[in-house]
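Inspection log for the structure reproduced underneath, given as structure tokens.
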Amino acid sequence: MKQVSPGKLRHKVIIEQPTACDPVDAMTDELQCWQSVVECWAAIRPVSAKEIFAAGGFVGQNDVAVTVRYDPRLDDMNHTWRVWWQNKKLGVSGVLNIDARDKWLKILTSCSEHNIRLKNADFDQPLHDVVNVVMPELT
């Protein structure tokens, strides 16, 4: 496999893992807390885009390959982790240790159009939820 040039690492990403915390969402038992594992430079490459029309609605999804330098803190990364890039929440779908040499990791991710957060990095609520609360007549 072709090696990644360090000059291609132009994008700052934050890789997070879910952590057990209180309170847990009573409706879905979804974890509400995230711990930042590493903030690093990455090469970003869009892989595909999907548009699905179902039940009178539209769902858009973009698949993105994120390549970072190997870091032992990422050894346990799995599908429950996430990557923040340009205010977009990318869900991890797989991790490849390129050439199994512990030099580069390719993180396969996907992003739905509603997984965009506001400019304030501390505000972790999807944009469509905010619009629904602020202006319910628009939804």
When rounded to the nearest 0.5 angstrom, what distance separates [atom1] in [X] from [atom2] in [Y]?
| X | Y | atom1 | atom2 | value |
| --- | --- | --- | --- | --- |
| Gln86 | Cys111 | CD | SG | 10.5 Å |
| Trp85 | Ile15 | CH2 | CD1 | 14.0 Å |
| Ile107 | Arg82 | CD1 | CZ | 14.0 Å |
| Ile44 | Lys88 | CD1 | NZ | 10.0 Å |
| Gln17 | Arg73 | CD | CZ | 11.0 Å |
| Asp76 | Trp81 | CG | CH2 | 6.0 Å |

I'd like to check [X] versus [Y] (side-chain heavy atoms, cut-off strictly below 4.5 Å). Are they in contact?
| X | Y | answer |
| --- | --- | --- |
| Leu74 | Val37 | yes |
| Ile14 | Trp34 | no |
| Thr80 | Val92 | no |
| Leu105 | Val95 | yes |

Before giving the answer on side-chain contact (heavy atoms from CB on, under 4.5 Å), spell out for Lys12 and Glu39 the whole-Å C-alpha distance, their side-chain angles and the decisive distance to 0.1 Å. CA-CA 7 Å; Lys12 192 70 134 176; Glu39 185 173 337; 3.4 Å; yes
Taking the six-membered ring of Trp41 (Phe, Tyr or Trp), confirm whether the NZ or CZ of Arg69 is under 6.0 Å from its centre and within 45° of its axis. no
Partners meeting ring pair (Phe, Tyr, Trp, His ring centres under 6.0 Å) with His79 (sequence neighbours left out): none
Say whether, by atom type as modelled, one donor and one acceptor occur between the side chain of [X] and the main chain of [Y] under 3.5 angstrom.
| X | Y | result |
| --- | --- | --- |
| Asn97 | Asp102 | yes |
| Thr109 | Leu90 | no |
| Thr67 | Lys106 | no |

Cluster overlap Tyr70 with Val13, hydrophobic side-chain contacts below 4.5 Å: yes
